[in-house]
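Chain identifiers are assigned alphabetically (A, B, ...) following the order of the sequence lines, protein sequences preceding nucleic acid strands; residue numbering begins at 1 within each chain.
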There are 2 protein chains.
Amino acid sequence: MRKEHSTNAMNEQFLFGVCELNSAISVISGRWKSQIVYSVSQGNNRFHLLKKELPNISEQVLGRQLKELETHAILVKKEIAGTVPIGIEYILTNKGLDLVPILESLCNWGKAYEGKEISACGNIFSRKGAKRQRSEDKSEC
Amino acid sequence: MRKEHSTNAMNEQFLFGVCELNSAISVISGRWKSQIVYSVSQGNNRFHLLKKELPNISEQVLGRQLKELETHAILVKKEIAGTVPIGIEYILTNKGLDLVPILESLCNWGKAYEGKEISACGNIFSRKGAKRQRSEDKSEC
DNA sequence: GCAATAACGAACAAATTTGTTAGTCTAAAA
DNA sequence: TTTTAGACTAACAAATTTGTTCGTTATTGC
């Protein structure tokens, strides 16, 4: 349960007030969450399909993350008509759909600087006048 | 300390392997972190300036978050020549600079759907043919 | 001489997130 | 009739993140 008046919770609220950036990030930052959004956008929109794609996730955790995404209106559940027992599909809302291209740019950003953790500090000004090469974003993400 | 072989740590590694999206998000998702990146990009690039902008953060936490951002090569420290005692500036690397526009789009995404948590599920298909109105992104973020 | 400012590091404690164990419900298959 | 699949929820435990307390270094202002 949330402590509502802990320093931590209050700092979170403070940041939410500073800029929507912070609430946006808190929505997508749980473990598995953005990967689930991406998978659903690719058509893996059933509970069991997600389980197959994320073999290490437990059903309980998957259910919880899906519910949280639902709470933030990233996706909605929909019963599939005429199935017995009733099957359930997950569908991205507009909000969720609008998120996908942002996740893709994050993915490309990550790939562009892959493996350049502590090193990349060579000449931090090298960017001046440098053509940014992004080498054929293939977005296998 | 990290447990390296906990289920949690292994799941994290698994996700990092699935797509760079996941490592990208883990880099920016700590409390204060993306706000710090944004603030630095706006010119608040000194320890004391950040403290002023984020009055609720403790110096120790600020120092820790800055160090983590440095570890991920989002920013670098630079001593300001000719100051006594030596002043320190934080400068975004190329990696950090490339991140800023993505943070801005996250911010705009957050603003576009502000306050539409559980509600926004009206007609999830309303997007079809609907002009997306984004009402003059003023990006005060 | 004593406090204040800029910039932190280490160790510990509190809060929060993630994972685990156990259990539910329905219907078709073995 | 017992098992299996699909879709979960609740409660508890382990792991991780965030915040707190104390300490450091060096110099300028009072």
(request) Look at all strands and tell whether A/Ser58 reaches a base, only sugar-phosphate, or nothing, counting heavy atoms closer than 4.0 Å. (result) base

(request) For A/His5 and C/dA15, give me the distance from atom NE2 to atom P, rounded to whole Å. (result) 13 Å

(request) Return the value, rounded to whole Å, for the distance between atom NZ of A/Lys52 and atom P of D/dA7. (result) 11 Å

(request) Go through the N and O atoms of the side chain of B/Arg64 and the base of D/dG19, and report whether any donor-acceptor pair is under 3.5 Å. (result) yes

(message) Please tell me if A/Arg2 has a side-chain N or O lying less than 4.0 Å from either OP1 or OP2 of C/dT17.
(response) yes

(message) So for B/Gln60 and C/dG9, does any side-chain atom that can act as donor or acceptor lie under 3.5 Å from a complementary atom in the base?
(response) yes

(message) Please compare A/Glu4 and B/Ala9 by the position of their nearest nucleotide in DNA chain C and report the one closer to 5'.
(response) A/Glu4

(message) Has A/Trp109 got a side-chain atom pairing as donor or acceptor with B/Gly96's backbone, closer than 3.5 angstrom?
(response) no

(message) Using every non-hydrogen atom in the two residues, find where B/Lys33 and B/Ile28 come nearest and quote the distance to one decimal.
(response) CB-O, 4.1 Å

(request) Identify, with sequence neighbours excluded, every residue that meets side chain to side chain donor-acceptor pair (under 3.5 Å) alongside A/Gln65. (result) none

(message) If you compare all heavy atoms of B/Leu62 against all heavy atoms of B/Phe47, which two are closest, and at what distance to 0.1 Å?
(response) CD2-O, 3.7 Å

(message) So if I take every side-chain heavy atom of B/Lys67 and compare against C/dG9, D/dG19, D/dT18, which nucleotide ends up nearest?
(response) C/dG9

(request) Specify the closest pair of heavy atoms between A/Ile91 and A/Lys78, including all atoms of both residues, with the distance to one decimal. (result) CD1-CD, 3.5 Å

(message) C/dG19, OP1 or OP2 - any side-chain N/O from A/Trp32 closer than 4.0 Å?
(response) yes

(message) With side chain to side chain donor-acceptor pair (under 3.5 Å) as the criterion, how do B/Glu20 and B/Ser23 come out once you've worked through the C-alpha distance, each side chain's angles and the decisive distance to 0.1 Å?
(response) CA-CA 5 Å; B/Glu20 290 291 331; B/Ser23 36; 3.2 Å; yes

(request) Indicate whether OP1 or OP2 belonging to C/dT18 is found under 4.0 Å from a side-chain N or O atom of B/Asn11. (result) no

(request) Under 4.0 Å between any heavy atoms, over every strand shown, what does A/Lys51 touch: base, sugar-phosphate, or nothing? Just pick one. (result) nothing

(message) I need the CD1-P distance between A/Ile36 and D/dC8, as an integer number of Å.
(response) 12 Å

(message) Looking only at the side chain of A/Tyr90 (C-beta and beyond, no hydrogens), which of the listed nucleotides C/dA7, D/dC8, C/dG19 gets closest?
(response) D/dC8

(request) Send over the distance from B/Lys3 NZ to D/dT17 P, rounded to a whole Å. (result) 13 Å

(request) From the options C/dA6, D/dA7, D/dT17, select the nucleotide whose nearest atom is closest to the side chain of B/His48. (result) C/dA6

(request) Check whether any side-chain N or O of B/Thr7 sits under 4.0 Å from OP1 or OP2 of C/dT20, and answer yes or no. (result) yes

(message) So B/Arg46, base contact, sugar-phosphate only, or nothing? Heavy-atom distance under 4.0 Å.
(response) sugar-phosphate

(request) Look at all strands and tell whether A/Lys33 reaches a base, only sugar-phosphate, or nothing, counting heavy atoms closer than 4.0 Å. (result) nothing

(message) Can you measure A/Ile80 atom CD1 to D/dG6 atom P for me and round it to whole angstrom units?
(response) 12 Å

(request) To the nearest Å, give me how far apart CE (B/Met10) and P (C/dG19) are. (result) 10 Å

(request) Considering just the side-chain nitrogens and oxygens of A/Asn8, establish if one lies under 4.0 Å of OP1 or OP2 belonging to C/dA14. (result) no

(request) Mind calculating the distance between CG (B/Leu66) and P (C/dA6) to the nearest angstrom? (result) 15 Å

(request) Could you state the atom-to-atom distance from CD of B/Glu59 to C1' of D/dG19 in whole Å? (result) 13 Å

(message) Let me spell it out: for each of B/Glu68 and A/Ile88, pick the nucleotide of DNA chain D with the closest heavy atom. Which residue's pick is nearer the 5' end?
(response) A/Ile88

